[in-house]
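Throughout, numbering of the chain's residues begins at 1 and tracks the sequence.
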Amino acid sequence: MTTVSAREVYQLFRDVALQQKTLLPDVGPHWCDVDTGTVWVRIDQHRIALFKDAGQLHHCLRCELDDGRVAEQQAWDSPGTDPLELLSVWERTQLLRALAG
């Protein structure tokens, strides 16, 4: 099975930052309802699990693309390979705004 690269997930986040795609809450608690824990979001038909730690966006846990490919945190275990780490400061700020909704 082909996994999802960090660059592919980063591109989804970047598209949200550039307002080319919309980020919506998925099943479970919404971003503003969690201090520490997992928050699922949807970008188009792609599902992404983000981990929030002490109120801060920490790392990406899982990505399920609409074509059936899946990647979990272990795919991005090397330093600097989490999709969120690829975001610029501006992109991350825009993503956080979208999460806060």
S.K.: Between V4 and W76, what is the shortest heavy-atom contact and its length?
M.R.: O-NE1, 3.6 Å
S.K.: Grab the two heavy atoms, one from R92 and one from L57, that are nearest each other, plus how far apart they are.
M.R.: NH2-O, 2.6 Å
S.K.: Should V39 and L24 be regarded as members of a common hydrophobic cluster, given that ILVMFWY residues are connected when their side-chain heavy atoms come within less than 4.5 Å of each other, either directly or indirectly?
M.R.: no
S.K.: Are side-chain heavy atoms of V70 and R62 found at a separation under 4.5 Å?
M.R.: yes
S.K.: Could you tell me whether the side chain of D82 and the main chain of C60 form a donor-acceptor pair under 3.5 Å?
M.R.: yes
S.K.: Spell out, as yes or no, whether a donor-acceptor pair under 3.5 Å connects the side chain of K21 to the backbone of L12.
M.R.: no
S.K.: For the atom pair OG1 (T22) and CG (D44), what is the distance rounded to the nearest 0.5 Å?
M.R.: 7.5 Å
S.K.: Can you confirm whether R14 sits close enough to Q11 that some side-chain heavy atom of one is under 4.5 Å from a side-chain heavy atom of the other?
M.R.: yes
S.K.: Measure from the side-chain N and O atoms of D53 to the backbone N and O of T36, and report whether any donor-acceptor pair falls under 3.5 Å.
M.R.: no
S.K.: Closest heavy-atom contact between I48 and C63?
M.R.: CG1-SG, 3.9 Å
S.K.: Kindly write out the residues that satisfy side chain to side chain donor-acceptor pair (under 3.5 Å) with D67, not counting sequence neighbours, or none if the list is empty.
M.R.: R69
S.K.: Any side-chain heavy atom of D15 sitting closer than 4.5 Å to one from I43?
M.R.: no
S.K.: Mind checking what makes ring pair (Phe, Tyr, Trp, His ring centres under 6.0 Å) contact with H59, not counting sequence neighbours?
M.R.: F51
S.K.: Indicate yes or no: at least one non-hydrogen side-chain atom of K52 is less than 4.5 angstrom from one of W31.
M.R.: yes
S.K.: Does L61 belong to the same Ile/Leu/Val/Met/Phe/Trp/Tyr cluster as L50, with side-chain heavy atoms less than 4.5 Å apart forming each link?
M.R.: no
S.K.: Where do A98 and L23 come nearest, in terms of heavy atoms and distance?
M.R.: O-CD2, 4.0 Å
S.K.: Mind checking whether V34 and W40 sit in one hydrophobic cluster, side chains of I, L, V, M, F, W, Y counted as touching below 4.5 Å?
M.R.: no
S.K.: How about CD on Q74, more than 12 heavy atoms from neighbouring residues, nucleotides or ligands closer than 6.0 Å, or not?
M.R.: yes
